[in-house]
S.K.: 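My questions all concern the structure below.
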There are 2 protein chains.
Amino acid sequence: MVDGTTGGEGLLFLTDEQLRKGIEAMFFAYRGFTADPDRILEGMDYGRAHHRAIHFIHRSPGTTVSNLLSILGVTKQSLNRVLRSLVEDGLVESRVGKQDKRERHLYLTAKGAELERALSDAQRARMRAAYRAAGPAAVQGFRTVLEAMMDPELRRQYQGLRDGNA
Amino acid sequence: MVDGTTGGEGLLFLTDEQLRKGIEAMFFAYRGFTADPDRILEGMDYGRAHHRAIHFIHRSPGTTVSNLLSILGVTKQSLNRVLRSLVEDGLVESRVGKQDKRERHLYLTAKGAELERALSDAQRARMRAAYRAAGPAAVQGFRTVLEAMMDPELRRQYQGLRDGNA
DNA sequence: AATTTACGTCAGCCTTGTTGACTTTCCAAG
DNA sequence: CTTGGAAAGTCAACAAGGCTGACGTAAATT
């Protein structure tokens, strides 16, 4: 049924050893992936959690807190702590919803956008170098495998740019 | 061959939007990547840090503490806390080096190997499903891009199975 | 003999996650 | 109009897992 035993050529890319290499590749690559933003953030009062919030507010300006909660997959208390400091420091603006005044819509301020740019420039530079070194076909495969690795719910978050706002 | 600046069609895979998608793909995929082991570990007294130690001890039986330190990229105090609990709980054995008695060589016990298997079975199952869904060519690209994304030093760790031991 | 290396440990701090309890605001259904 | 409940915010307490600094010990190296 799941086969794996197709006789013949035999799916070498599915051996335990190949899978282990894939696992370690994810581990080491993720370190590289976060290294540059981490370096920028260290010293400032911020960490990765702030980076993530800034990233997704940038991607979806006007997103609500609960929207962000479901994307980031943390508790509101945890997110709130991060958001509060960003708002206090004037990087993020929180506007009361017009239609539903319970909701808060989040936007980067000019200052917030500036930090976002610094962070994503660094991260994109690494990604660009990796893409360039690997070539378009490899990039295609990279994206395909990553997508298949996501939880279905997260895959929807990833694909769906639908963030409603209001 | 890999061209680069072929004018004309113009490297669509290097646009900022493509790079942003790649960044988010890493973010969401990594969540999936760690989800299954995290589920197994929750409830036990262990976390991701224990998983990582167990993984690399399994990969390189007899590896030393400082070896592990350089692979994991944490401080010895941090690693020691993890290692101590694993040794106390009888998952890891720490043997004094024969040649150099300052060194401690780390091995999984039967019990440790059992947990390792549970964790890596879960992680491999997801990886296998992703690989199978994506196909061999995509897997090749996936590995190529991840490798290009690593810091050079980590890439050496990743590639070099040389862990000496003693 | 002196120094360096490998390891362990104590103490304290930070970030970022968690629960639980509680309040305020406000939409929407009865 | 009243009320139930969703959305958001807040306080408090806690844990995991990073970090630094300081110190100790045994063994190897110089």
Side-chain angles (χ1 to χ4, degrees), chain A residues 27 30-31 34-35 37-55 62-89 92-106 164-166, chain B residues 27 30-31 34-35 37-54 57 62-88 92-106 163-166:
Chain A
F27 173 70
Y30 200 78
R31 289 254 295 277
T34 56
D38 282 357
R39 247 187 305 276
I40 292 173
L41 290 163
E42 99 180 353
M44 323 183 57
D45 251 4
Y46 302 135
R48 253 180 234 182
H50 299 83
H51 180 194
R52 292 196 281 263
I54 287 173
H55 174 96
T63 189
T64 63
V65 171
S66 45
N67 228 316
L68 211 45
L69 281 178
S70 79
I71 288 171
L72 296 175
V74 298
T75 59
K76 66 174 175 174
Q77 293 90 332
S78 205
L79 176 58
N80 191 255
R81 178 171 36 200
V82 164
L83 243 29
R84 197 189 321 156
S85 67
L86 290 174
V87 169
E88 276 169 8
D89 298 350
V92 166
E93 196 190 346
S94 169
R95 295 185 208 152
V96 173
K98 285 195 170 170
Q99 323 224 334
D100 185 335
K101 294 178 191 163
R102 292 167 302 179
E103 295 182 338
R104 304 301 140 96
H105 298 276
L106 303 169
N165 315 355
Chain B
F27 173 70
Y30 200 77
R31 290 255 294 277
T34 57
D38 282 357
R39 246 187 305 276
I40 292 172
L41 290 162
E42 100 180 351
M44 324 182 56
D45 250 3
Y46 303 135
R48 253 180 235 183
H50 300 83
H51 180 192
R52 292 196 282 263
I54 286 172
I57 293 172
T63 189
T64 62
V65 171
S66 46
N67 229 316
L68 210 47
L69 281 177
S70 79
I71 288 172
L72 296 175
V74 297
T75 59
K76 67 175 176 171
Q77 292 91 329
S78 209
L79 176 58
N80 191 255
R81 178 171 35 199
V82 165
L83 242 29
R84 199 190 318 160
S85 66
L86 291 174
V87 169
E88 275 169 7
V92 166
E93 196 190 344
S94 168
R95 294 185 207 150
V96 172
K98 284 194 170 171
Q99 324 223 334
D100 187 333
K101 294 177 190 163
R102 291 169 307 177
E103 296 181 337
R104 303 299 141 91
H105 298 275
L106 303 168
D163 45 289
N165 314 356

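Each chain gets a letter, A, B and so on, in the order its sequence line appears, and its residues count up from 1. Note that the structure is a prediction, hence the values are computed from the model and not measured.
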S.K.: Measure CG/L41(B) against P/dG17(C) and give the value in whole Å, please.
M.R.: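 Going from L41(B) (CG) to dG17(C) (P), I get 18 Å.
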S.K.: What is the distance, rounded to the nearest whole Å, between atom CG of L69(A) and atom C1' of dT16(C)?
M.R.: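 The distance from CG of L69(A) to C1' of dT16(C) comes to 14 Å, rounded to the nearest Å.
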S.K.: May I have the distance from D38(B) (atom CG) to dT16(C) (atom P), rounded to whole angstrom?
M.R.: 18 Å
S.K.: Might you list the N or O atoms of the protein lying below 3.5 Å from N or O atoms in nucleotides 12-22 of chain D, with each pair's distance?
M.R.:
unit_1  : atom_1 : unit_2 : atom_2 : d
dG17(D) : OP1    : R48(B) : N      : 3.1
dG18(D) : OP1    : R52(B) : NH2    : 2.2
dG18(D) : N7     : R81(B) : NH2    : 2.6
dC19(D) : OP2    : T75(B) : N      : 2.6
dC19(D) : OP2    : T75(B) : OG1    : 3.0
dG21(D) : O6     : Q77(B) : NE2    : 2.9

S.K.: Below 3.5 Å, can you tabulate the donor-acceptor pairs from side chains in residues 76-87 of chain B to any protein atom, sequence neighbours excluded?
M.R.:
unit_1 : atom_1 : unit_2 : atom_2 : d
N80(B) : OD1    : R84(B) : NH2    : 3.3
S85(B) : OG     : H50(B) : NE2    : 3.3
S85(B) : OG     : V82(B) : O      : 2.8

S.K.: Establish, with yes or no, whether the OP1 or OP2 oxygen of dC7(C) is under 4.0 angstrom from a side-chain nitrogen or oxygen of S66(B).
M.R.: yes
S.K.: Within this structure, what is the CD-to-C1' distance between E103(B) and dT5(C), rounded to whole angstrom?
M.R.: 10 Å
S.K.: Go through the structure and list residues passing ring-ring contact (aromatic ring centres under 6.0 Å, His included) with Y30(B), not counting sequence neighbours.
M.R.: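 Y30(B) satisfies ring-ring contact (aromatic ring centres under 6.0 Å, His included) with Y30(A), F33(B) only.
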S.K.: State, yes or no, whether a side-chain contact exists between L106(B) and L68(B) at a heavy-atom distance under 4.5 Å.
M.R.: yes
S.K.: Can you find a pair of side-chain heavy atoms, one from F27(B) and one from R52(A), that are under 4.5 Å apart?
M.R.: yes
S.K.: Just the rounded figure in Å: distance from P of dT15(C) to CE of M44(A).
M.R.: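 Going from M44(A) (CE) to dT15(C) (P), I get 13 Å.
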S.K.: Residues in side-chain hydrogen bond (donor to acceptor under 3.5 Å, both in side chains) with H51(B), at least two apart?
M.R.: none
S.K.: Can you measure H51(A) atom NE2 to dT15(C) atom C1' for me and round it to whole angstrom units?
M.R.: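 The answer, rounded to whole Å, is 16 Å.
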S.K.: Check whether any side-chain nitrogen or oxygen of N80(A) sits under 4.0 Å from OP1 or OP2 of dT10(D), and answer yes or no.
M.R.: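 Looking at the OP1 and OP2 atoms of dT10(D), one of them is under 4.0 Å from a side-chain N or O of N80(A).
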S.K.: Mind calculating the distance between CZ (R84(A)) and P (dA8(D)) to the nearest angstrom?
M.R.: 16 Å
S.K.: Checking D89(A) now: which residues fulfil salt bridge (Lys or Arg N to Asp or Glu O under 4.0 Å) with it, not counting sequence neighbours?
M.R.: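 Checked D89(A) against salt bridge (Lys or Arg N to Asp or Glu O under 4.0 Å); zero matches.
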S.K.: So, using side-chain hydrogen bond (donor to acceptor under 3.5 Å, both in side chains) as the criterion, who are the partners of S70(B) when residues are at least two apart?
M.R.: Q157(B)
S.K.: Mind calculating the distance between CG (N67(B)) and P (dT5(C)) to the nearest angstrom?
M.R.: 17 Å
S.K.: Just jot down the side chain to side chain contact (heavy atoms under 4.5 Å, CB included) partners of R104(A), sequence neighbours excluded, or say none.
M.R.: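 In terms of side chain to side chain contact (heavy atoms under 4.5 Å, CB included), with neighbours along the sequence ignored, R104(A) is linked to V65(A), S94(A), V96(A).
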S.K.: Polar-atom pairs under 3.5 Å, protein N or O versus N or O of nucleotides 26-30 of chain D: list them with distances, or write none.
M.R.:
unit_1  : atom_1 : unit_2  : atom_2 : d
dA28(D) : OP1    : Q99(B)  : O      : 3.1
dA28(D) : OP1    : K101(B) : N      : 3.2

S.K.: Under the side chain to side chain contact (heavy atoms under 4.5 Å, CB included) rule, collect the residues that match up with R95(A), sequence neighbours excluded.
M.R.: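 Expected list: E93(A), Y107(A).
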